There are 2 protein chains.
Amino acid sequence: MLPQRRQKILAAIVEQYIETGEPVGSKALQSIAGLDVSSATIRNEMAELTAQGLITQPHTSAGRVPTQAGYRYYVDNLMKPAELEENERRRIESGLDYRSGDPEQLLQAAGEALVDFTNFAAISTTPSDEHAFIKNIEMVPVSPKMAMIVLLTSTGILKSKACRTDVPITPDLQDTFSDIVRKNFFGTPLSDVNTVMIQTLVASLGAKALSMSPLLVTISDLVEAASVSEINLSGQSNLLGYKEYNDNAGQLLDFLHREEPLGMLVSASGDSDSDIEIRIGSENRYKELENSSMIISKYKIGDNATGAIGIIGPTRMNYSKLVPSIKYLTDIISKFLSDVYEEESSSGEEDS
Amino acid sequence: MLPQRRQKILAAIVEQYIETGEPVGSKALQSIAGLDVSSATIRNEMAELTAQGLITQPHTSAGRVPTQAGYRYYVDNLMKPAELEENERRRIESGLDYRSGDPEQLLQAAGEALVDFTNFAAISTTPSDEHAFIKNIEMVPVSPKMAMIVLLTSTGILKSKACRTDVPITPDLQDTFSDIVRKNFFGTPLSDVNTVMIQTLVASLGAKALSMSPLLVTISDLVEAASVSEINLSGQSNLLGYKEYNDNAGQLLDFLHREEPLGMLVSASGDSDSDIEIRIGSENRYKELENSSMIISKYKIGDNATGAIGIIGPTRMNYSKLVPSIKYLTDIISKFLSDVYEEESSSGEEDS
DNA sequence: TTTAGCACTCATTAGTTCCGAGTGCTAATT
DNA sequence: AATTAGCACTCGGAACTAATGAGTGCTAAA
């Protein structure tokens with residue numbers, strides 16, 4: 001635990017640096033931190049903080065800048081989360097698209113709301129729910145030997161895919177399909193549908209196997225697609241504006257463009273207990289992110305389904321403002337999605 | 001019409017500059033263009049070309065660079081479209097996702113294929129078809145007073161939206177809905193569905209109007225959404241790499257981020273008769289694009305539906321290579337989408 | 001009409017100086 | 001023991017200068 005005065009100084013350095021982006025000198029601190037001591041005293045304290053690795057100087061004749069550890073200490077011990085103003089709340093909400101009941105769209109919109117609000121890049125995932133089950137499967141013929149298969153899950157995910165059949169599609173065939181689907185898939189957890197299950201099913205169909213096989217395989221594909229939680233990234237171009245990325249912004253954007261690591265970024269946030277996680281610089285584990293911070297928050301639908309939403313930006317970001325903003329957005333999302341997709345058991349009497 | 005030798009010189013300047021990005025001097029040209037004249041002669045010709053506004057010098061002691069008019073002349077009169085190599089064809093094709101029958105996904109994938117292939121940003125639109133009609137509408141209950149409505153059009157566009165009903169959803173209500181939809185919507189052109197049509201229909205329902213109204217309004221929303229052709233932009237971050245955008249790449253990205261102008265960009269390509277259009281620099285009409293070129297190609301599904309796909313990059317791009325590439329991609333898309341969605345009338349006997 | 005020759009231009013690079021913000025240390029002060 | 005005034009020192013950045021050389025336009029000869 002740092003002595004109080006040193007804490008004050010550290011907090012002042014962090015906050016001032018976040019605001020201006022310029023290294024903070026001892027003179028400047030004198031007026032900022034509410035301390036009635038001379039700049040020399042502050043310099044002594046700063047020397048201590050430097051020795052402890054919490055701040056550093058870009059070069060000998062410059063002021064101090066927080067190190068990664070400094071940010072961490074600030075975030076863990078010193079930061080006071082800001083109250084959200086009413087109009088900020090409104091700004092966040094207004095970006096959300098409540099209308100379409102599609103959770104994928106909602107999360108996409110939420111990401112973009114964050115982009116607009118924060119001027120950073122935002123990342124969001126669609127809900128993944130290990131207990132999700134199949135709500136409905138429809139087959140819609142589009143041509144003699146081609147049909148569209150549509151899958152709807154209990155979490156509101158809708159996936160569709162065209163499927164070419166080996167034999168012409170007759171009303172009879174449609175009925176058969178409908179029967180099979182009703183018996184074998186409705187209410188089935190997504191996790192229970194896999195290649196083996198499909199093959200067993202096909203095998204049991206006897207004469208009908210030939211005509212049904214491509215359709216059932218398509219179902220398997222759709223379930224697969226519905227199980228994977230999608231990751232949306234938006235607002236990357238915002239990052240160009242920040243001078244900390246000056247030349248190699250392209251490098252960061254390329255990194256974010258590759259989708260694989262994004263999954264890691266978000267899923268790794270399972271470790272901590274709290275529902276909001278701040279990762280500063282190299283805490284992100286990826287070299288490309290060593291100058292970036294993420295603030296990731298998990299949302300929940302009822303008790304099972306979860307996803308995450310958050311931002312990526314330079315380590316110099318206004319944590320005390322962003323944390324409550326993201327928390328607020330997450331709460332809205334959780335509430336809205338829970339309202340819609342967990343209504344089954346409740347009586348659900350509210351109107352819009 | 002320029003004298004032949006001058007044409008050769010212009011072509012050499014354009015091609016050399018496209019390749020290296022450096023201003024081209026008279027000495028260098030001597031060896032590049034197959035001309036057996038001294039650099040002094042070439043200098044004289046260059047002076048002429050400069051006077052005609054086809055080339056310019058960045059500064060007094062530098063070589064020449066094509067002006068926008070120079071590129072235009074080159075593209076219109078001098079350029080020889082390159083033959084695509086077999087492996088280039090494969091590279092383009094391999095990026096396409098044929099599997100899901102969803103044209104929106106296909107076009108998205110096509111855009112990304114272009115991004116990978118060209119290293120520029122790509123833009124693509126989903127098909128818009130004034131003669132498209134409604135193929136199917138399904139209602140899927142998700143909770144007592146909530147249903148998912150799914151719309152499928154003749155062009156394969158699938159849209160869905162959640163809808164909250166005023167009364168509980170009963171099998172009876174579902175049947176009623178199903179009847180109404182079958183009678184009034186199946187086969188109806190998208191353009192015929194509008195607020196007036198919906199209101200007339202609701203009015204004619206008598207006692208059932210109350211329960212049906214929200215559902216029918218949702219249909220109207222879905223038709224609206226299906227009618228608008230979506231615009232996909234991808235690969236923006238590629239543009240950062242090009243030094244012509246050096247500092248203000250952010251400005252361009254911001255411009256591309258706003259979606260409104262994109263529609264203009266693509267739709268404006270209706271003017272010309274040819275199916276591929278090259279717009280150089282300020283020909284794009286937007287100040288933000290004065291250093292950029294677009295190559296846009298239209299695809300067709302059968303005779304009605306059309307959309308566009310193309311690239312955006314610095315004016316210094318390899319037109320002679322890119323034009324055939326994009327043409328090739330467009331052909332594939334046209335063929336594939338036509339195969340799938342224009343099969344109705346034909347006997348459609350091919351297998352995959 | 002073409003070409004050799006030459007003076008001229010000017011972006012770029014490297015080298016130099018100067019300035020001042022900010023530091024660390026020492027010695028005096030409380 | 002803690003604080004402060006004073007001062008020498010460091011070093012990044014700005015401003016200026018000089019040298020370089022690629023490329024030009026022009027003139028006069030072929």
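In this text, all values refer to a predicted model and were calculated from it rather than measured experimentally. Worth knowing before you read on, the calculation uses all heavy atoms, side chains too, and leaves out hydrogens, waters and symmetry mates. Chain identifiers are assigned alphabetically (A, B, ...) following the order of the sequence lines, protein sequences preceding nucleic acid strands; residue numbering begins at 1 within each chain.
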Chemist: Please check if any side-chain donor atom of Gln7(A) sits under 3.5 Å from a side-chain acceptor atom of Tyr73(A), or the reverse.
Modeler: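 Yes, Tyr73(A) and Gln7(A) have a side-chain donor paired with an acceptor closer than 3.5 Å.
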Chemist: Using a distance-only test with no angle check, is there a side-chain donor-acceptor pair under 3.5 angstrom linking Asn318(A) and Ser320(A)?
Modeler: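 Checked: Asn318(A)/Ser320(A) side chains pair up, N/O donor to acceptor below 3.5 Å.
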Chemist: Rounded to the nearest Å, what distance is computed from the CD atom of residue Glu48(B) to the P atom of nucleotide dG25(D)?
Modeler: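 Distance, rounded to whole Å: 11 Å.
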Chemist: Under a 4.0 Å threshold between the charged nitrogen and the carboxylate oxygen, would Glu86(B) count as salt-bridged to Arg89(B)?
Modeler: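 Yes, charged N to carboxylate O under 4.0 Å.
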Chemist: In this structure, how many angstroms lie between the C1' atom of dG23(D) and the CD1 atom of Ile55(B), rounded?
Modeler: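 Going from CD1 in Ile55(B) over to C1' in dG23(D) covers 13 Å.
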Chemist: Look at Arg5(B) and dT1(C) and indicate whether a side-chain polar atom (N or O) is within less than 4.0 Å of OP1 or OP2.
Modeler: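 False: Arg5(B) side-chain N/O out of range (4.0 Å or more) of dT1(C) OP1/OP2.
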Chemist: Could you state the atom-to-atom distance from CZ of Arg6(A) to P of dT3(D) in whole Å?
Modeler: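 Taking atom P of dT3(D) as the reference, CZ of Arg6(A) is at 10 Å.
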Chemist: Restricting to nitrogen or oxygen on both sides, can you table the protein-nucleotides 10-16 of chain D pairs closer than 3.5 Å?
Modeler:
{"from": "dC11(D)", "atom 1": "O2", "to": "Ser61(A)", "atom 2": "OG", "distance (Å)": "3.3"}

Chemist: Decide yes or no on side-chain contact (heavy atoms from CB on, under 4.5 Å) for Arg90(B) and Asn87(B), but give the supporting numbers first.
Modeler: CA-CA 5 Å; Arg90(B) 263 204 305 275; Asn87(B) 67 345; 3.9 Å; yes
Chemist: Check Pro23(B) against Pro58(B) and note the closest heavy-atom contact, atom names and distance.
Modeler: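 Closest pair (atom of Pro23(B), atom of Pro58(B), distance): CG-CG, 3.8 Å.
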Chemist: Looking at Glu277(B) and Lys298(B), does any basic side-chain N land under 4.0 Å from a carboxylate oxygen?
Modeler: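 Salt bridge absent between Glu277(B) and Lys298(B).
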Chemist: Does any donor atom in the side chain of Ser292(B) or Tyr286(B) lie under 3.5 Å from an acceptor atom in the other side chain?
Modeler: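 No pair is found: no donor N or O on one side chain lies under 3.5 Å from an acceptor on the other.
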Chemist: Tell me which residues in residues 39-46 of chain A put a heavy atom below 4.0 Å from DNA chain C, sorted by number, or none.
Modeler: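 Arg43(A), Met46(A) - these, ordered by number, are the residues of the stretch whose heavy atoms sit under 4.0 Å from the strand.
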Chemist: For Ser297(B) and Thr330(B), test the side chains for any donor-to-acceptor distance below 3.5 angstrom and give the result as yes or no.
Modeler: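 A donor-acceptor contact under 3.5 Å links the two side chains.
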Chemist: With ring centroids as reference points, do Tyr319(A) and Tyr74(A) lie under 6.0 angstrom apart?
Modeler: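 No - the distance between ring centres of Tyr319(A) and Tyr74(A) does not fall below the 6.0 Å cut-off.
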Chemist: When the distance from CG of Leu35(A) to C1' of dA2(D) is rounded to whole Å, what number comes out?
Modeler: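 Nearest whole value for this atom pair: 15 Å.
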Chemist: Quick one: which of Lys287(A), Gln68(A), Glu290(A) gives a side-chain hydrogen bond (donor to acceptor under 3.5 Å, both in side chains) with Ser282(A)?
Modeler: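 Passing option: Gln68(A).
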Chemist: May I ask you to list the residues of residues 20-29 of chain A, by number, that have any heavy atom positioned under 4.0 Å from an atom of DNA chain C?
Modeler: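 Hits under 4.0 Å, by residue number: Gly25(A), Ser26(A).
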Chemist: Which whole-number value in Å describes the distance from Ile9(A) CD1 to dT23(C) P?
Modeler: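 Spelled out: CD1 on Ile9(A) to P on dT23(C) is 12 Å.
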Chemist: Will you find, in the side chains of Ser293(A) and Arg279(A), an N or O donor that is under 3.5 Å from an N or O acceptor?
Modeler: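 Ser293(A) vs Arg279(A): no donor-acceptor pair found between side chains.
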